[in-house]
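The structure appears below as structure tokens.
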Amino acid sequence: MLRDARCPPNKYTFPFVLKACSVLQDLRAGRAIHRHAARAGLHADLFVCTALIDLYMKCARFVPAAAVFHAMPARDAVAWNAMLAGYALHGMYHHALECLLRMQEGCASLRPNASTLVALLPLLAQQSALCQGKSVHAYSVRASLHDKDGVLVGTALLDMYAKCGELLYARRVFEAMPIRNDVTWSAIIGGFVVCGRMTEAFGLFKDMLAQGLGFLSPTSVASALRACASLADLHIGKQLHVLLAKSGLHSDLTAGNSLLSMYAKAGLIDEATALFDEMAAKDTVSYSALVSGYVQNGMADAAFLVFRKMQACNVQPDVATMVSLIPACAHLAALQHGKCSHGSVIVRGMAPETSICNALMDMYAKCGRIDLSRQIFDVMPARDIVSWNTMIAGYGIHGLGKEATALFLDMNNHACEPDGVTFICLISACSHSGLVTEGKRWFHMMAHKYGITPRMEHYISMVDLLARGGFLDEAYQFIQSMPMKADVRVWGALLAACRVHKNIDLGKQVARMIQKLGPEGTGNFVLLSNMFSAAGRFDEAAEVRIIQKEKGFKKSPGCSWIEINGSLHAFIGGDRSHPRSPEIYQELDNILVDINKLGYQADTSFVLQDLEEEEKEKALLYHSEKLAIAFGVLTLSEDKTIFVTKNLRVCGDCHTVIKYMSLVRRRDIIVRDANRFHHFKNGQCSCGDFW
DNA sequence: ATAGGGTTAG
């Protein structure tokens, strides 16, 4: 069309065509039209220049945008706003602020108008710059700046207040607005959700519905669904699903993604999968939500399948996708997979991202490479609180309590304020290293020096610290002295320690408490029944299992795996499905003969069923972790460390046997269980039996 | 102007 010689494009044509390029983010076409306009002698036209700035800014080409801007003979407020909005769009706070100041300088001084503020306010919101936000508010009142009906400025203002945590002001602005639209409602509902005030968010959502369905948008439903996910309120979540379907919004991408994520977080992974399959359009967010859903539900292998499917469908993973996927490697302790993901992240240019580094650090720590973890920590461009916490936690699971403490002190030197999670990491690091006194001191300091009120999670860590360290009675008293009612997880920590220290009497007492509270979760059922078994009270043990079955808690079977040349070999107790099972079982029998000579005796108190002594020994001998290690002994050369992962905790007998194995087979063996790392070498374990 | 997926602890 531009080439029709009879009707050449003029200064009215170019801005519209450029606008189309901007919407499509078609930089190539935009550049061609830029050249075309220049040839037509329109390089200084106000409207053409403004449209060019808008186009370049949308495509994040700041240098050409600025060049056009500076070449303009005169600049009006629209041109200034295009620059400012462009910087704001890409979160460039300082550039945007500079624009704001410069436009008011000099003889051609221009006052900010409503569009200026609407572009500026989201930036202030993102920066939590409350003071500046307030002065913008004051200015808008003084200059009586209104866009049509004040909806745009009003919405941007209330959003800014909400994101700065000032819900009272947000609500006041909202109430004072004469006209509201769907965006206004979304902003106020979303504001309450972001601040964690879920009940009020639901209240506002209902208020909105009370005015009819005219304001209902996928955006406001998305916020409400996020509230459901964080409250684990499936009931309301399903109602919202129905509401979406009724209003014909169920095929909206944002709405679909929110639903998918809500179901996945509620543990309904099948529903999430079904929803995903039915979605007409899927984007990066849909795939990422499903990946993270599988990881959260412990199905790391399925997460990889989704990731592959995504690539096959040519959907590009972004930072959030990779941050969801990397924990799958951590979960599987699959170092080779993890290294692949690391490589992939480097290729994609995401390696400097803080959240990516955090995920990688965690992955390497959980895959046994605390050294690589630290390397990333040392070189990453910017650290946040999660980085410090992850590193401290990494040292913790490796039993490196001293290093964890040192890092915590270092954190103070870097002017990084510890948060509640930091102390959970720190205390549990002390617990894994048997540093009971030190852990108690940190708990004290947390409240008195750092002003952090202990939450239930801190009490769990403290009970674990005391009880694991053998101070069972003190742990019991500690629970009694809690300012809130201890929940099952607190008692569960004590019960686990009773099991390790074989204190049946206290264990029974704790078991009674847990029964009263409702065991909530498979782990406590297993602990409980194991306690009874260990005391030889098999009837009661069986009874617990029956209740467990009735309540529908499936016991996840003990499973161990080992990665050899990048592929995973998994074993469950007594499993003979592996092609090399005959050799593996023969090797274990040989090992048993060798270690019996050194004085090993099976600790049959760890066997759950009522069997004959000899059968009990066999049941123990073929525990999954022993099978995986034996496979490692057979396949790996002697200089290689055998690294095995187990989904549950290592049992006491296995712990003893593996110590002997490291001695008689002269192997370094690392076992990562549900709890921490055990490094076996020369008949010793790094955990010093604090496990 | 609003909004969907993501990293740490037990």
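Below, read A as the first sequence line, B as the second, and so on, with proteins coming before strands; counting in each chain starts at 1.
Residue Ser261(A) places at least one side-chain N or O closer than 4.0 Å to OP1 or OP2 of dG5(B). Lys366(A) has no side-chain polar atom (N or O) that falls below the 4.0 Å cut-off from OP1 or OP2 of dT7(B). Look at Lys265(A) and you'll find a side-chain N or O under 4.0 angstrom from OP1 or OP2 of dG6(B). The shortest distance between the side-chain N/O atoms of Ser223(A) and the OP1/OP2 oxygens of dA3(B) is not below 4.0 Å. For the OP1/OP2 pair of dG4(B) and a distance below 4.0 Å, the side-chain nitrogens and oxygens of Arg226(A) include at least one atom meeting the criterion. In terms of phosphate contacts, Gln296(A) brings no side-chain nitrogen or oxygen within less than 4.0 Å of OP1 or OP2 of dG5(B). The shortest distance between the side-chain N/O atoms of Thr155(A) and the OP1/OP2 oxygens of dT2(B) is not below 4.0 Å.
Taking the six-membered ring where tryptophan is involved, the planes of His337(A) and Phe304(A) are tilted, since the angle between them lies from 30° to 60°.
If you check every strand for non-hydrogen atoms under 4.0 Å, Val319(A) touches a base. Within 4.0 Å of Ser324(A), counting heavy atoms only, lie sugar-phosphate atoms of the nucleic acid but no base atom. Contacts of Thr390(A) with the nucleic acid, taken as non-hydrogen atoms under 4.0 Å apart, involve only primed sugar atoms and P, OP1 or OP2. Looking at heavy-atom distances under 4.0 Å, Asn181(A) makes contact with a base. Using a 4.0 Å heavy-atom cutoff across all strands shown, Ala289(A) reaches sugar-phosphate atoms only and no base atom. Counting non-hydrogen atoms under 4.0 angstrom, Thr284(A) reaches a base of the nucleic acid. Across all strands, Leu253(A) comes closer than 4.0 Å to base atoms (heavy-atom distances). When heavy atoms are screened at a 4.0 angstrom cut-off, Ser220(A) is found touching no nucleic acid atom at all. Contact annotation for Val118(A): backbone-only contact, meaning every heavy-atom pair under 4.0 Å involves sugar-phosphate atoms and none involves a base.
Rounded to whole Å, the distance from CG on Leu249(A) to C1' on dG4(B) is 14 Å. When rounded to the nearest whole Å, the span between CE of Met391(A) and P of dA9(B) equals 13 Å. Nucleotide dA1(B) holds its P atom 11 Å from the NZ atom of Lys163(A), rounded to whole Å. The interatomic distance linking Met411(A) (CE) with dA9(B) (C1') rounds to 13 Å, in whole Å. Rounded to a whole Å, the CH2 atom of Trp388(A) is 19 Å from the P atom of dT8(B). Rounded to a whole Å, the CG atom of Leu290(A) is 14 Å from the C1' atom of dG4(B). As rounded to whole Å, 12 Å separates atom C1' of dG4(B) from atom CG of Leu244(A). Residue Asp252(A) contributes atom CG, which lies 15 Å from atom P of dA3(B) at whole-angstrom precision.
Closest to the side chain of Ala320(A), from the set dT7(B), dG4(B), dG6(B), is dG6(B). When distances are taken from the side chain of Val183(A) to each of dA1(B), dT8(B), dG10(B), the shortest belongs to dA1(B). The side chain of Ile424(A) has dA9(B) as its nearest neighbour among dA9(B), dT2(B), dG6(B). Listed candidates were dT7(B), dT2(B), dG5(B). Nearest to the side chain of Pro122(A) is dT2(B). Listed candidates were dA1(B), dG10(B), dG6(B). Nearest to the side chain of Ser355(A) is dG6(B). Among the nucleotides dT8(B), dA9(B), dG5(B), the one closest to any side-chain atom of Arg455(A) is dA9(B).
Closest non-hydrogen pair, Ile189(A) versus Ala201(A), comes out as O-CB, 4.0 Å.
Using a 4.0 Å cut-off between a side-chain N of Lys or Arg and a carboxylate O of Asp or Glu, Arg172(A) and Glu175(A) do not qualify as a salt bridge. The existence of a salt bridge linking Glu403(A) and Arg374(A) is excluded, since no basic side-chain nitrogen approaches an acidic carboxylate oxygen closer than 4.0 Å.
Not a single donor-acceptor contact under 3.5 angstrom links the side-chain atoms of Asn257(A) to the base of dA3(B). Under 3.5 Å, the side chain of Ser288(A) and the base of dG5(B) form at least one donor-acceptor pair of N or O atoms. In the interface, the side chain of Asp318(A) is paired with the base of dG5(B) through a donor and an acceptor atom under 3.5 Å apart.
No side-chain donor-acceptor contact under 3.5 Å links Ser433(A) to the backbone of Cys430(A). A distance-only check finds a donor-acceptor pair linking the side chain of Arg672(A) to the backbone of Lys366(A) [under 3.5 Å].
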query = Yes or no on side-chain contact (heavy atoms from CB on, under 4.5 Å) for Trp185(A) and Phe205(A), after CA distance, side-chain angles and deciding distance?
reply = CA-CA 8 Å; Trp185(A) 280 102; Phe205(A) 192 81; over 6 Å; no
